[in-house]
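Let me begin by presenting the structure, written as C-alpha cells, before commenting on it.
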4 protein chains.
Amino acid sequence: MFFASDNGAPCPAPVMAALAAANDGPAMPYGADPLTARAVAMIRDLFEAPGAAVHLVATGTAANALALGAVCPAYGAVFCADQAHILHDECGAPEFYTGGAKLLPVAAPDGRMDPAALAAAVDRLAGAGVHAVRPAAVSLSNLSELGTLHTPAQVAELAAIAHARGLAVHMDGARLANALATAGCSPAEATWKAGVDVLSLGGTKNGLMGAEAVVIFDPARAADFDRRRKRGGHLLSKHRYLAAQIAAWLEGGLWLDLATRANAMAARLAAGIAALPGGRLLHPVQGNMVFATLPAPSLARARAAGARFYPHGDGHGAVRLVASWATTAAEVDGFLAALRG
Amino acid sequence: MFFASDNGAPCPAPVMAALAAANDGPAMPYGADPLTARAVAMIRDLFEAPGAAVHLVATGTAANALALGAVCPAYGAVFCADQAHILHDECGAPEFYTGGAKLLPVAAPDGRMDPAALAAAVDRLAGAGVHAVRPAAVSLSNLSELGTLHTPAQVAELAAIAHARGLAVHMDGARLANALATAGCSPAEATWKAGVDVLSLGGTKNGLMGAEAVVIFDPARAADFDRRRKRGGHLLSKHRYLAAQIAAWLEGGLWLDLATRANAMAARLAAGIAALPGGRLLHPVQGNMVFATLPAPSLARARAAGARFYPHGDGHGAVRLVASWATTAAEVDGFLAALRG
Amino acid sequence: MFFASDNGAPCPAPVMAALAAANDGPAMPYGADPLTARAVAMIRDLFEAPGAAVHLVATGTAANALALGAVCPAYGAVFCADQAHILHDECGAPEFYTGGAKLLPVAAPDGRMDPAALAAAVDRLAGAGVHAVRPAAVSLSNLSELGTLHTPAQVAELAAIAHARGLAVHMDGARLANALATAGCSPAEATWKAGVDVLSLGGTKNGLMGAEAVVIFDPARAADFDRRRKRGGHLLSKHRYLAAQIAAWLEGGLWLDLATRANAMAARLAAGIAALPGGRLLHPVQGNMVFATLPAPSLARARAAGARFYPHGDGHGAVRLVASWATTAAEVDGFLAALRG
Amino acid sequence: MFFASDNGAPCPAPVMAALAAANDGPAMPYGADPLTARAVAMIRDLFEAPGAAVHLVATGTAANALALGAVCPAYGAVFCADQAHILHDECGAPEFYTGGAKLLPVAAPDGRMDPAALAAAVDRLAGAGVHAVRPAAVSLSNLSELGTLHTPAQVAELAAIAHARGLAVHMDGARLANALATAGCSPAEATWKAGVDVLSLGGTKNGLMGAEAVVIFDPARAADFDRRRKRGGHLLSKHRYLAAQIAAWLEGGLWLDLATRANAMAARLAAGIAALPGGRLLHPVQGNMVFATLPAPSLARARAAGARFYPHGDGHGAVRLVASWATTAAEVDGFLAALRG
C-alpha cells in the first residue's frame with residue numbers, strides 16, 4: 001500500500017533486461033555509443049520531430065532546470081502555476097541553472113494556469129521596464145502538479161499567450177506519459193503542435209531507474225545545450241545505461257502501458273474514495289494522482305495498516321495519493337478497506 | 001582492445017546482481033531507504049570516519065564540483081595541478097557550482113603539484129588583497145591525471161601547505177581505488193589522516209554504472225550540502241539504485257579487486273611498451289593509465305587492428321592508454337602484438 | 001512641481017562644497033584615504049556601533065544586493081514585503097548577488113509585513129526540507145515602500161520572528177533618514193537595538209549625488225564583504241568622493257534636516273489632498289511619500305501645469321507623489337492649486 | 001610625488017564645474033535626462049558610430065565585467081594577456097558577470113598578446129569539445145597593463161584571429177585616451193575599424209570622479225544590456241552626474257589634453273630613469289606608465305622624500321610609476337633628484 005510517490009516504484013522487467021543487455025563489452029562514453037543514437041532516434045520518431053535536439057539526463061530536476069536555462073536569461077522571469085514543482089520542490093535548481101532568474105507564480109485552479117492571469121502577469125512585468133526582469137518563458141506541467149491534464153487545446157491557449165509576447169514555452173513532462181494515456185493524443189499533438197518549445201520528458205516517475213530527456217523542438221534554441229549539461233555535471237559517462245532505459249521504455253509502447261496501468265489504479269482509488277462517507281476528491285483525477293480529504297480516523301486506520309502517503313497542502317486532512325505502474329488492485333482495495341474500517 | 005577510457009567498461013556481475021536485488025517492491029525515494037543508509041555506513045566504516053557526511057551522486061563531475069562548492073566561495077580560488085580534470089575536462093562545472101571561483105593551475109611534474117610552486121602561488125595571491133580572489137582550496141587528484149600516485153606523505157605535504165594558509169583540501173578520487181591498490185595504505189591513511197578535508201570517491205571509472213560519493217570528513221563543512229546537491233539536480237529520486245551500486249562495490253573489497261585487475265593490465269601494457277623499439281613511457285605507471293610515445297607506424301597498425309585509444313597532449317605521437325577492470329590480458333597482448341607488427 | 005522621485009533632486013550646497021574640498025591633490029585610491037576613514041568613523045559613532053563593518057557604494061541596489069548576498073546563500077530565501085523594492089525594482093540584483101536565492105513576498109498591509117504571515121511563511125518553507133530553499137533572511141524597508149514607518153517596536157517584532165528561526169534581518173534604509181525624522185528615535189534604536197543585522201543606509205534619495213553605506217553590525221557577518229563589493233564592481237577607485245558626500249551629509253545632522261524638510265512637504269501635500277473633493281490618501285503619510293487617488297480631471301490639470309509624478313499600482317487613478325529635500329512649499333501649493341483647478 | 005596610481009588624482013576644473021552646473025533643479029532619474037542623452041551622443045559622434053549602444057557606469061571593473069558578460073556565456077572562455085587587469089585585479093568580477101566563465105591567459109610580451117599564441121590557445125580549447133568551455137571572446141587592453149600601445153594594426157591582427165574563430169573582441173580602454181594621445185589615430189580607427197566589438201571607455205583614470213562608458217558598436221550585441229547593468233546595481237539613479245562628467249571630459253578634446261599631459265610626464269620620468277646609473281626601463285613607455293628597475297638605495301631615498309609608488313611583479317627591485325593629468329614637472333624632477341641622491 002505504497003502511495004507516497006511514483007518515485008518509490010521499482011523498474012519493470014523489460015527495463016532491467018535492457019540494462020543487462022547493455023552491459024556487454026566496452027562502449028564509447030559520453031553518449032558516443034550506438035544505444036544513445038538509437039534512443040535519441042526513437043524519441044525523434046515518436047514526437048515526429050526529426051530535427052529536435054534530444055539530451056538525456058538522470059533526474060527530472062536536471063531536465064527542468066537545464067531546459068529553463070536554455071530559454072531564460074539570468075535577468076529573466078519564468079511564469080508557472082503557483083503549485084509548480086519547479087517553484088517549490090527543486091530547491092532553487094531553476095534559479096541556479098538560469099543564473100538567477102525569477103520564477104513567478106500564476107493562479108492555477110486545479111493546477112492549470114488561468115490564461116487571463118498569465119497574460120496579465122506577463123504584461124504587468126513587461127511594463128515595468130529595466131527595473132524588472134524580462135518575461136522570458138512560461139512553464140507548465142502535464143500532468144499538472146495537482147494531477148490534472150492539460151489538453152492540447154489548453155496547452156495551445158497558454159502557449160499562444162506566451163508566444164504573442166515573445167516568451168518560450170516549457171513543459172515539465174515528468175508525468176507526460178500519464179497525461180497522454182488519458183488524453184489519447186499523440187506526443188506531437190501534446191507538445192510542439194500545441195506550442196511547446198522545450199520538453200522535459202520524464203521516465204523516472206514512470207518506471208525507469210533514473211532517465212529523462214530534454215527535447216528541444218527547435219534546434220536553434222539548443223545551441224551549447226551539451227555544454228550546459230556537462231557543466232551541470234549531468235553528462236553521464238556510461239551513457240549507454242541511460243539510453244538503454246529510454247529505449248526499453250519506449251519500445252512497443254511500454255511507457256504508455258505503464259502509465260495506463262498507473263492511471264487505472266488512481267481511478268480505482270478515486271472511485272473508492274468518492275464512495276466513502278466523508279471522502280472528497282479535491283481535483284479531477286486525470287492521471288495517476290489523487291488529491292482528497294478523508295476523515296481523520298480513516299487515515300489513521302490506513303496508516304496503521306501500513307499504507308504510505310503524504311499529507312497535502314497545509315495538512316487539514318488532505319492527502320496526496322500517487323499510483324505507479326507497480327501499484328496493484330489488491331493494494332488499492334486493501335487501502336480502501338482500511339479507510340472504510 | 002579498448003583503451004580509450006575506463007568509462008567505457010561495463011559493470012561487473014556483482015554490481016548488476018545488486019541492482020536486480022534492489023529492484024524489489026517500493027522504497028522511499030530521495031535517500032530515505034535502507035540501502036542508502038547501508039551504503040553510507042559502509043563508506044564511513046571503510047574510512048574510519050563515523051561522523052563523515054556522505055552524499056551519493058551519479059557523476060564524477062558532479063562530485064567534484066559540489067565538493068568544491070562546499071569549500072570555496074564565489075570570490076575564491078582553487079589551486080590544482082596544471083593538468084587537472086577539474087581545470088580542463090569539466091566544462092566549467094567547478095566555476096558553476098562555486099558561483100564563479102577561479103581555478104588556478106600549479107606546475108605539476110608527473111601530475112603532482114610541486115609543493116614549493118603551490119606555496120608560492122597561494123602566497124602571491126593572498127598578497128594581492130581585495131583586488132584578487134581569496135585563496136580557498138587546494139584540489140589534488142589521486143591517481144593524478146597523469147596516472148601517478150600521491151603517497152600519503154605527498155598528500156600530507158601539500159595539505160600542510162594548504163592548511164597553514166587556511167585553505168581546504170579536496171581530493172578528486174575518481175581513481176582512488178587504483179591509487180589504494182598501488183599504495184597499499186588504508187582509505188583513511190590516503191585521505192583524512194593525510195589532511196584531505198573533502199573527497200570525491202569515484203566508482204564509475206572502477207566498475208559502477210554511475211555512482212560516486214562526496215565524503216566530507218568534517219561534518220561542519222557539510223552544512224546544507226544536501227541542498228547544494230538538490231539544487232544541482234543531483235539528488236536522485238530512486239536513490240536505492242545508487243546505493244546498491246556502492247554497497248556491492250565495497251562489499252568484500254570488490255572495489256580494490258577491480259582496481260588491482262586494472263592496474264595489473266596497465267603494468268602489462270607498460271612493460272610491453274617499454275620493451276618496444278621506439279616505445280617510451282612518459283610518466284611512472286602507478287595505476288591503470290599508461291602515457292607513452294610510440295612510433296607512428298605502430299600506432300597506425302594498432303588502430304587498424306581495432307584498438308581504441310586517445311592521443312595525449314598536443315598529439316606529437318603521444319597516447320593515453322587506460323585499462324579497466326574488464327581489460328583482459330589477451331587484449332593487452334593483442335595490442336602489443338599489433339604495435340610490434 | 002517635481003514629485004516623480006526623490007532621485008530627481010539635486011544635491012544641497014554642503015555636499016557640493018564637500019566634493020570641491022575633497023578635490024585637492026592626490027589621495028590613495030580604493031578607500032585607503034583619510035576621508036573614507038572619517039566617513040566610516042562618523043557612521044559608527046552615529047549608530048553607536050564601534051565594531052560595525054561599514055562599506056560605501058554608489059547605488060541603493062548595490063547596497064541592498066550586496067547586503068543580502070552577505071546573509072543569504074544561493075540556496076536560501078529572503079522574505080520581504082510584497083511591495084518590496086528588492087522584489088520588484090532591482091531587476092534581479094538580489095538574485096544575482098546571492099547567486100540565485102529566492103525572494104518570497106509576505107503580505108504587508110500599508111507596507112509593513114504582517115508578523116503572523118511572516119512567521120507562517122518561514123515555518124512552511126522550513127518544513128519543506130531539502131526540496132525547498134532554506135529560509136535565510138528577512139528584509140524590511142524603513143520607510144516602507146508605501147511610505148509608512150516601522151517603529152522600533154515593529155522592527156523588533158519582525159526581527160524576533162526572524163531570529164527565533166535563525167534568519168538574519170536586513171533593513172533597506174533607502175529612506176531611513178525620513179523614517180528617523182518621523183520616529184524621533186536614534187539610529188541605533190531604529191536598527192541594531194531593534195534587531196537589524198545588516199543595514200543599507202541610503203543617501204542618494206536624501207540629497208547625495210550617489211552614496212550609500214552597507215552597515216553590518218556584527219562584523220562576523222562581514223567576512224570577505226570587501227571582496228564581494230570588489231567583484232560586483234562596486235569598489236570605487238576615487239573613493240574619497242563617496243566618503244566626502246557621506247561625511248558632509250552626516251555633519252551637523254544635515255541628513256536629518258534634509259529628511260525633515262522632505263517629510264514636511266509630503267505632509268503639506270497630504271493635507272491638501274485630503275481636503276480635496278475626491279482626494280483620498282491610500283496609506284498613512286509618515287515620511288516623504290504620498291499615495292493617493294485623485295479625480296482624473298485633477299490629475300490631468302496638474303500634468304498640464306507641468307507636474308511630474310508616476311501612477312501607482314495598476315493605475316486606476318492612484319498616484320505616487322514623492323517629496324525631496326529640494327521640494328518647496330510653492331511647488332506643493334502650485335500642485336494643489338492645479339489639482340483643485 | 002604621487003606615482004602610485006592615476007586613480008589617485010583629483011578632477012580637473014572643467015569636470016568639477018560641469019558637476020556644479022548639472023546640480024540645478026530636478027532631473028528625471030536613471031538616465032532619462034537631457035545630459036545623459038548629450039553624453040551618449042557625444043560618444044557616438046566621437047567614435048563615428050551612430051548606432052552604437054552606449055551605457056555609463058561608475059567603475060572600470062563594472063564596465064569590463066558587464067562588457068564581458070554581454071559577449072561570453074557562462075560556459076565560455078575569454079582569452080586575455082597574462083598580465084590583464086580583468087585576470088588579476090578585479091576579484092573575479094568577469095567571472096561574476098559572465099556567470100562563471102573562464103579567463104585564460106595568453107603570453108603577452110610587453111603586454112600585448114602574442115598572435116600565434118592566441119590562435120593556438122583558441123584552437124586547442126575549441127578542439128576539446130563539450131568537455132571544455134567554449135572560446136567566446138578575446139579581451140585586450142589599450143594601453144596594455146604594461147603601459148604599451150596596441151596600434152590599430154596590432155589590434156586588427158588579434159581581432160582577425162578572434163573573428164575568424166567566431167570570438168568577440170573586447171577592449172579594456174581604461175587608458176584608451178593615453179593610447180590615442182600616443183597613437184594619434186582616431187577613436188574609430190583604434191576600436192571598431194580595427195575589429196573591436198565592445199569597448200570599456202575609461203574616464204576615471206583620466207581625470208573623472210568615477211565615470212566610464214561601455215560602447216557596444218554592434219547594437220545587436222547589446223540586447224538587454226540595460227537589464228544587465230541594472231541587476232549589477234550599476235544603473236545610477238542620479239544619472240546626470242555621470243553624464244556631466246563624460247560630457248565635460250570629451251568637450252573640446254579635454255580627455256586627450258589630459259592624457260597628453262600625463263603621457264608627457266611619464267616620458268619625462270622615463271628619460272630621467274634611463275639616464276640614471278642602474279636605472280632600466282622594463283617596457284617601452286608609450287603612455288602614462290613607467291615600469292623600471294632601480295637601485296634599492298635610490299628607491300629608499302625616493303620613499304624617504306615622500307614619493308608614493310608600488311613595487312611591480314614579484315618585487316625584485318622593479319617598480320611601477322604612473323603619471324596622471326595632475327602630475328607636474330616639478331614632481332617628476334623632484335622624484336628624479338631623490339633617486340639620484
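Quick note on labels: first sequence line is chain A, next is B, and so on, each numbered from 1.
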- R221(D) CZ: over 12 foreign heavy atoms closer than 6.0 Å: yes
- Task: Please indicate whether R308(B) has more than 12 foreign heavy atoms, meaning atoms of other residues, nucleotides or ligands, lying under 6.0 Å from its CZ.
- Result: no
- Task: Enumerate by number any residue of residues 127-143 of chain B whose heavy atoms lie under 4.5 Å from heavy atoms of chain D; in the absence of such residues, state 'none'.
- Result: V130(B), H131(B), A132(B), V133(B)
- Item | Options L87(D), T61(D), T98(D), ranked by heavy-atom pairs under 4.5 Å with chain B, top entry | L87(D)
- Message: I need the E95(B) CD to K102(D) NZ distance, nearest 0.5 Å.
- Response: 3.5 Å
